[in-house]
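Below you'll find the structure, written out as structure tokens, and then a few comments.
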Amino acid sequence: MRTHMCGELRSDQIGQTVSVCGWVGRRREHGEHLAFVDLRDHSGIIQCVVNDDVDVRSEYVLRITGTVRARPEGTVNDGLPTGEVEIGDCQVEILRQATPPPFPIDARADDVDENVRLQHRYLDLRRERMQKNLRVRSKINAAVRNAMDAQGFVEVETPMLVPSTPEGAREFLVPSRKEPGSFYALPQSPQLFKQLLMVAGVDRYYQMARCLRDEDLRADRQYEFMQLDMEMSFVTQDDVLDAVSEAVLDAAEVATGERPLPIERITWREAMDRYGIDKPDLRFGLELTELTPIFAATEFKAFAGAGAIKGIRVPGGADEYGRNQLDKLTDRAKSLGAKGLVWLKTTDEGFDSPVAKFLSDDEAAAVRSAMGAETGDLILVVADEWMTTCEVLGTLRNDLGRPPVHEGPYRYVWVVEFPLFVGVDKESGRPKPGHHPFTTPHPDDLDKIESDPLSVRSIAYDLVLNGWELGSGSIRIHEPDLQRRVFHALGISDEEAERKFGFFLNPFDYGAPPHGGFAFGLDRLVAILAGEENIREVIAFPKTQSGTDPMTNSPIPGDPKALAELGLKVLPPAT
RNA sequence: GGUCCCGUGGUGAAGUCUGGAGUUCACGCCGGCCUGUCAAGCCGGAGGUCGCGGGUUCAAGUCCCGUCGGGACCGCCA
């Protein structure tokens with residue numbers, strides 16, 4: 001039907017008779033016997049010179065046959081890859097007429113209400129930007145698959161209809177017709193299956209896995225999302241990180257044409273100390289500075305006895321931030337859990353600050369020196385429990401300096417040695433798992449599981465890109481004694497463990513190899529590499545923030561007959 | 001569950017604070033003219049439940065209350 005794609009025609013084809021197919025973009029008519037038609041397919045746009053009087057309108061689907069020729073002197077279009085040539089003597093075949101689209105099928109639709117774009121997603125996807133995104137995604141998928149295959153991983157598909165599991169994200173439930181009142185769940189991840197595949201001796205498993213979580217949506221979260229899910233036997237953390245790195249770096253290379261440097265590592269502790277967050281954005285400074293020792297014997301009540309005192313320095317911020325803005329920053333800090341926020345404006349004489357008079361000369365000088373502050377800088381200080389201090393300043397740091405996620409350069413980082421337990425459950429008073437309850441404790445911290453659980457590190461790691469968590473993983477516990485100790489630390493009795501996790505852990509008794517794995521979100525990786533700051537832009541048919549699809553109108557009310565067959569009855573909405 | 005922003009011909013915006021006739025701009029659409037344009041140009045035209053409901057007022061796109069839809073974020077996402 002066609003000999004070339006619209007966007008591939010160049011001077012090389014001059015003289016050739018070609019056929020191209022596509023949609024009518026812009027057209028410029030100069031009377032009955034001359035019209036310029038921009039024909040578009042996914043590869044680009046070619047100008048066709050039509051001398052017949054054919055009625056050709058926006059988005060008509062055409063097949064055009066004609067001769068490639070150089071454009072006349074002075075009419076070359078530098079803005080178009082095909083701009084040196086055009087198709088002349090065009091024979092136009094209308095394959096399908098079209099009604100005018102609700103929005104222009106080009107970059108102008110970037111500004112159109114997203115709801116309208118989603119209502120007509122098939123038209124939105126027709127645009128160059130979205131075509132590019134679909135294709136980048138496809139290339140990344142292929143690169144990831146190739147990388148995993150080349151490393152000896154076996155792609156195994158796991159079920160979409162799985163049992164509901166008690167822990168973790170809220171699940172989507174699927175009613176069973178054969179057993180009314182019983183339900184499957186859609187998998188929030190293939191976690192249990194991939195570990196059982198290790199018991200099965202698969203050794204290296206991977207899957208492009210669709211995961212489903214019934215949690216509220218965000219710019220970086222959809223109900224349904226894709227993960228590169230993988231698991232390996234007889235490995236250390238380094239083996240897992242290397243295998244994942246290979247896939248991620250290959251993906252980055254096909255998407256950007258440039259292979260990133262090896263991914264650096266930082267411990268969770270250092271990430272919190274320096275960036276105040278477990279998914280640090282390394283693209284900008286504003287790092288947290290340790291000030292605790294300076295105030296070891298301070299008389300300033302707000303600082304005395306604080307677990308940690310840290311500051312961030314905003315270069316030249318003294319003039320930039322007025323009283324009003326500083327009050328807002330203080331409110332922000334308080335809403336994040338800090339008792340307050342101390343701000344210091346660096347002057348030639350010392351500090352301009354409401355609390356300047358409470359600082360001794362030595363303390364002021366030490367702060368200035370530790371922060372590397374120069375006149376005109378703004379310093380923000382928080383004094384609180386270590387975790388609170390870090391988190392509050394980390395959030396302020398992001399508020400103040402973080403560029404949009406898709407703006408280069410790309411800064412990948414492995415965050416390792418996550419704590420095994422995070423926080424304490426209000427009801428039980430027991431620690432809560434940081435990653436999941438099957439994560440291996442750090443070998444150096446085994447003796448603290450009972451005595452000081454919150455200080456126990458784990459062999460768990462996250463991959464972070466430009467401040468977005470791409471994914472996480474861990475080395476799993478494969479020995480029953482250690483698993484029992486961790487369960488006990490979590491306040492899970494042997495009986496409860498058997499009831500909740502028996503179906504998953506009992507198979508380990510038949511010989512579970514040491515194993516560990518990882519899963520990272522492809523949508524997020526593709527979005528960043530495609531230069532998008534919202535994963536909806538790299539998903540062909542995404543849901544809105546409230547979980548609806550304006551194109552298909554899903555979700556829709558259940559059909560009474562179908563409900564009856566499933567043994568379901570819909571209750572009136574709670575008031 | 002919560003906070004904030006947005007909703008005006010097909011599309012994007014202005015008008016809303018400070019109430020006075022559906023007013024304006026650009027794109028698109030329809031018709032006409034036009035043989036080298038590429039954001040083609042020129043002339044003419046059509047197109048509206050100002051998201052929806054209620055209230056205040058002589059009068060509401062504009063003020064108030066509620067509601068629906070979209071977005072950003074918090075909670076949530078082991």
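Here is the naming used below: chain letters follow the sequence lines, and residue numbers restart at 1 for every chain.
- With respect to the salt-bridge test (charged N to carboxylate O, under 4.0 angstrom), the residues A/Lys132 and A/Glu537 do not qualify.
- Across every strand in view, B/C50 sits unpaired, with no contact that passes the Watson-Crick or G-U test at under 3.5 angstrom.
- Using a cutoff of 4.0 Å between basic side-chain nitrogens and carboxylate oxygens, A/Arg126 and A/Asp124 are not scored as salt-bridged.
- Residues A/Gly31 and A/Val112 each lie close to RNA chain B; by heavy-atom proximity, the contact nearer the 5' end of the strand is made by A/Val112.
- Contacts classified as side-chain hydrogen bond (donor to acceptor under 3.5 Å, both in side chains) and involving residues 217-228 of chain A (residues at least two apart or in different chains) are given here: A/Arg210-A/Glu224.
- Rounded to a whole Å, the CG atom of A/Asp331 is 15 Å from the C1' atom of B/C4.
- Counting any heavy atom pair closer than 4.0 Å across all strands shown, A/Arg71 reaches a base atom.
- Rounded to a whole angstrom, the distance from the P atom of B/U57 to that of B/U62 is 16 Å.
- The ring of A/Phe103 does not lie on top of the base of B/U11; it is either too far (5.5 Å or more) or too tilted (30° or more).
- When side chains are defined from C-beta on, A/Val24 does not count as touching A/Glu59, because their heavy atoms never get closer than 4.5 Å.
- Residue A/Val116 has its side chain nearest to B/U11 when only B/U11, B/A40, B/C77 are considered.
- Of the C1' atoms belonging to B/G51 and B/G70, the separation is 11 Å, rounded to the nearest Å.
- Heavy atoms of A/Ser58 sit under 4.0 angstrom from primed sugar atoms or phosphate atoms, though from no base atom.
- Computed from coordinates, the A/Asn77 CG to B/A39 C1' distance equals 11 Å when rounded to whole Å.
- Comparing atom distances between the A/Gln47 side chain and each of B/G69, B/U37, B/A78 picks out B/U37 as nearest.
- Both A/Arg213 and A/Lys543 sit near RNA chain B, but only A/Lys543 has its closest nucleotide nearer the 5' end.
- Residue A/Thr165 is out of contact with every strand shown, counting any heavy-atom pair closer than 4.0 Å.
- By the 6.0 Å and 45° rule, A/Arg397 stacks over the aromatic ring of A/Phe284.
- At B/G75, none of the side-chain N or O atoms of A/Arg170 fall inside 4.0 Å of OP1 or OP2 (strictly under the cut-off).
- Distance CZ (A/Phe172) to P (B/C77): 15 Å, rounded to an integer number of Å.
- Looking at heavy-atom distances under 4.0 Å, A/Arg26 makes contact with sugar-phosphate atoms alone, never a base.
- Applying the 4.0 Å criterion to OP1 and OP2 of B/G12, one finds that A/Arg117 has every side-chain N and O outside that range.
- The separation of B/G1 from B/U24, taken at their P atoms, amounts to 44 Å, rounded to a whole angstrom.
- Nearest to the side-chain atoms of A/His33 among the listed nucleotides B/U35, B/C29, B/A78 stands B/U35.
- The main-chain N or O of A/Asp106 is never found under 3.5 Å from a side-chain atom of A/Arg129 such that the two would form a donor-acceptor pair.
- Between A/Val50 and A/Cys90 the shortest heavy-atom distance is CG2-CB, 4.1 Å.
- Rounding to whole angstrom units, CG of residue A/Leu123 and P of B/U11 are separated by 13 Å.
- Taking the P atom of each, B/C64 and B/C17 are spaced 9 Å apart, rounded to whole Å.
- Residue A/Pro72 is in base contact, counting any heavy-atom pair closer than 4.0 Å across all strands shown.
- Base pairing analysis places B/A26 opposite B/U11; the two distances defining the Watson-Crick or G-U wobble pair are each below 3.5 Å.
- Nucleotides B/G10 and B/C50 have their C1' atoms positioned 16 Å apart, rounded to a whole Å.
- Of the C1' atoms belonging to B/G9 and B/A14, the separation is 15 Å, rounded to the nearest Å.
- Put simply, A/His30 rests on the base of B/A40: the two rings are less than 5.5 Å apart at their centres and nearly parallel, under 30°.
- Closest to the side chain of A/Pro437, out of B/U11, B/A78, B/U37, is B/A78.
- Classification of A/Arg536 and A/Glu114 as a salt-bridged pair holds, one side-chain N sitting under 4.0 Å from a carboxylate O.
- Applying the 4.0 Å criterion to OP1 and OP2 of B/A40, one finds that A/Arg28 has a side-chain N or O inside that range.
- Nucleotide B/C4 forms a pair with B/G71, judged by Watson-Crick or G-U wobble geometry with both contacts under 3.5 Å.
- Rounded to the nearest Å, the gap between the C1' atom of B/G22 and that of B/A39 is 29 Å.
- Nucleic acid contact class of A/Glu59 (heavy atoms, under 4.0 Å, all strands): none.
- Between A/Tyr461 and A/Phe518, the angle of the ring planes stays under 30°, which puts this pair in the parallel group of the 30/60° scheme.
- Between B/G70 and A/Thr548, a contact under 4.0 Å exists linking OP1 or OP2 to a side-chain N or O.
- Residue A/Asp113 has its side chain nearest to B/G70 when only B/C76, B/G70, B/C38 are considered.
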N/O contacts under 3.5 Å, protein versus nucleotides 72-74 of chain B?
unit_1: B/A72; atom_1: OP1; unit_2: A/Asn534; atom_2: ND2; d: 2.7
unit_1: B/A72; atom_1: OP1; unit_2: A/Arg536; atom_2: NH2; d: 3.0
unit_1: B/A72; atom_1: OP2; unit_2: A/Gln545; atom_2: NE2; d: 2.6
unit_1: B/A72; atom_1: N7; unit_2: A/Gln545; atom_2: OE1; d: 3.3
unit_1: B/C73; atom_1: OP2; unit_2: A/Ala219; atom_2: N; d: 3.4
unit_1: B/C74; atom_1: OP2; unit_2: A/Arg218; atom_2: NE; d: 3.4

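- Within 4.0 Å (heavy atoms only), A/Arg69 reaches at least one base atom of the nucleic acid.
- The two residues A/Leu482 and A/Pro441 make their nearest non-hydrogen contact at CD2-CD, 3.8 Å.
- Between the CG atom of A/Asp111 and the C1' atom of B/G10 there is a distance of 16 Å, given to the nearest Å.
- Under a 4.0 Å N-O distance rule, the pair A/Lys334/A/Asp331 does not qualify as a salt bridge.
- Taking every side-chain heavy atom of A/Gln188 into account, B/A78 is the closest of B/A78, B/G36, B/C76.
- Taking only side-chain atoms of A/Thr75, from C-beta outward, the nucleotide of B/G69, B/C30, B/G36 with the closest atom is B/G36.
- Counting to the nearest Å, the P atom of B/A39 and the CD1 atom of A/Ile105 are 18 Å from each other.
- The base-pairing partner of B/C42, taking Watson-Crick or G-U wobble contacts with both distances under 3.5 Å, is B/G32.
- The same atom, C1', is picked in B/U56 and in B/G69; the two are 26 Å apart, to the nearest Å.
- Among the atoms of the strands shown, none is found under 4.0 Å from any heavy atom of A/Glu32.
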